[in-house]
Amino acid sequence: MNKPMRMVIMLLISLLTISCSMLNRNADDIINDMRDARHAQYFNVGSGLLGLGRLILPTLSDANIGITSIQLLDLSKCNGSDRDKFRKRLQNLYKARTYEEIMTSQQGYGEQQTVLVRRNGQYVNEIVIANASATTDAMLVINGHINVDYLERIINDQKNYFNR
């Protein structure tokens, strides 16, 4: 294979890689990019810690609805440019149509809460609850194999996720 042909093939491979990365817009990408921002707070509760919590506090066994991990990203104490970047990434996430929008609520000027889900048949693989306002920019991502029947229960508890 000659040198110009190799260059063309390498160019096509790099364009394909860039286009695939641009199409892969999901909540994990936002969390991975934004969790290292200055003053960002990131928490990840994995399946082991969730199981330990159920052993210590038996009432949590009632909450055993198929959740395998929970991630929380809070950018409330970050500077304005990081928070603006987060809001733009959220808007791109809504537009990407890889998630189904379950609920959006406006509560005053510039305050918005949105719930997005990614489904696999009758089960929900991922729930994204995002809050963007003047005081709080945060995103909660719940992963698991959650029955759709429990979805309403989780969404109704969303007010507890962001209130301190």
Side-chain angles (χ1 to χ4, degrees), residues 14-50 53 60 63 65-164:
S14 63
L15 286 174
L16 180 64
T17 304
I18 290 171
S19 64
C20 286
S21 67
M22 290 176 70
L23 290 175
N24 189 17
R25 296 183 195 152
N26 61 31
D28 286 335
D29 291 339
I30 295 174
I31 287 178
N32 289 336
D33 289 344
M34 300 300 297
R35 72 180 179 195
D36 294 328
R38 188 172 183 182
H39 301 297
Q41 295 178 6
Y42 170 72
F43 304 98
N44 183 9
V45 180
S47 60
L49 194 55
L50 284 171
L60 283 176
I65 55 178
I67 296 173
T68 57
S69 69
I70 300 171
Q71 299 177 57
L72 175 65
L73 177 68
D74 187 357
L75 300 172
S76 300
K77 296 178 182 174
C78 291
N79 63 29
S81 63
D82 287 334
R83 293 175 73 176
D84 289 340
K85 181 180 175 183
F86 173 73
R87 289 177 185 167
K88 287 177 186 175
R89 296 285 306 267
L90 279 178
Q91 289 298 324
N92 289 336
L93 186 67
Y94 305 152
K95 293 176 186 176
R97 305 240 188 255
T98 55
Y99 291 89
E100 179 183 343
E101 188 173 333
I102 299 296
M103 184 190 87
T104 298
S105 66
Q106 296 282 103
Q107 299 174 351
Y109 178 74
E111 187 172 340
Q112 179 177 350
Q113 289 184 335
T114 303
V115 178
L116 306 169
V117 297
R118 187 178 287 177
R119 292 185 190 208
N120 183 7
Q122 70 178 21
Y123 292 99
V124 175
N125 295 336
E126 187 175 4
I127 302 170
V128 177
I129 301 173
N131 187 28
S133 69
T135 58
T136 305
D137 284 315
M139 180 167 54
L140 180 75
V141 179
I142 302 170
N143 294 306
H145 194 67
I146 304 162
N147 195 325
V148 175
D149 297 336
Y150 293 119
L151 189 59
E152 184 178 354
R153 177 178 165 190
I154 293 170
I155 292 172
N156 286 338
D157 287 342
Q158 74 158 328
K159 293 178 178 98
N160 298 328
Y161 299 134
F162 300 113
N163 292 338
R164 297 173 193 205

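Throughout, numbering of the chain's residues begins at 1 and tracks the sequence.
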Fill in: Approximate separation, where rounding is to 0.5 Å, of K77 NZ and D137 CG
14.0 Å

Worksheet entry | Nearest heavy-atom neighbours spanning F86 and L73 | CE1-CD2, 4.2 Å

Discussion item. So Y99 and V117, do their side chains get closer than 4.5 Å, heavy atoms only?
Written reply: no

Discussion item. Once rounded to the nearest 0.5 Å, what's the spacing between atom CG of D36 and atom CD1 of I31?
Written reply: 12.0 Å

Worksheet item: Okay, side chain of R89, backbone of A27: is any donor-acceptor separation there less than 3.5 Å?
Response: no

Fill in: For the student: nearest non-hydrogen atoms of T136 and S76, plus distance
CA-OG, 3.4 Å

Worksheet item: Measuring from Q71:CD to I142:CD1, what's the distance to the nearest 0.5 Å?
Response: 10.5 Å

Discussion item. Rounded at 0.5 Å granularity, tell me how far CE in M139 sits from CD1 in I30.
Written reply: 4.5 Å

Response to the item:
In terms of heavy-atom contacts, G46 and S69 come closest through CA-CB, 4.2 Å

Discussion item. Taking A130's backbone N and O only, do any of them form a donor-acceptor pair with T114's side chain (distance below 3.5 Å, no angle check)?
Written reply: no

Worksheet item: Is there side-chain contact between N125 and H145, with heavy atoms separated by less than 4.5 Å?
Response: yes

Practice prompt. List the atom of I127, the atom of V124, and the distance in Å for their closest heavy-atom pair.
Written response: CG1-CG1, 3.6 Å

Worksheet item: Is I70 close to F43 at the side-chain level, that is, under 4.5 Å between some pair of heavy atoms?
Response: no

Discussion item. What's the separation between atom CZ in R119 and atom CD1 in I102, rounded to the nearest 0.5 Å?
Written reply: 5.0 Å

Item to complete: Indicate the atoms forming the closest heavy-atom contact of A40 with M34, along with that distance.
Response: CB-O, 3.7 Å

Practice prompt. Mind listing the closest non-hydrogen atom pair of L116 and L93 along with its distance?
Written response: CD1-CD2, 4.0 Å

Worksheet item: Less than 4.0 Å between a side-chain N and a carboxylate O, is that true for D82 and R38?
Response: no

Worksheet item: To the nearest 0.5 Å, how far apart are OG in S133 and CZ in R87?
Response: 7.0 Å

Practice prompt. Step by step, work out the side chain to side chain contact (heavy atoms under 4.5 Å, CB included) result for Y123 and N147.
Written response: CA-CA 5 Å; Y123 292 99; N147 195 325; 4.3 Å; yes

Item to complete: Side-chain contact test, heavy atoms from C-beta onward, threshold under 4.5 Å: evaluate it for E126 versus V128 and give yes or no.
Response: yes

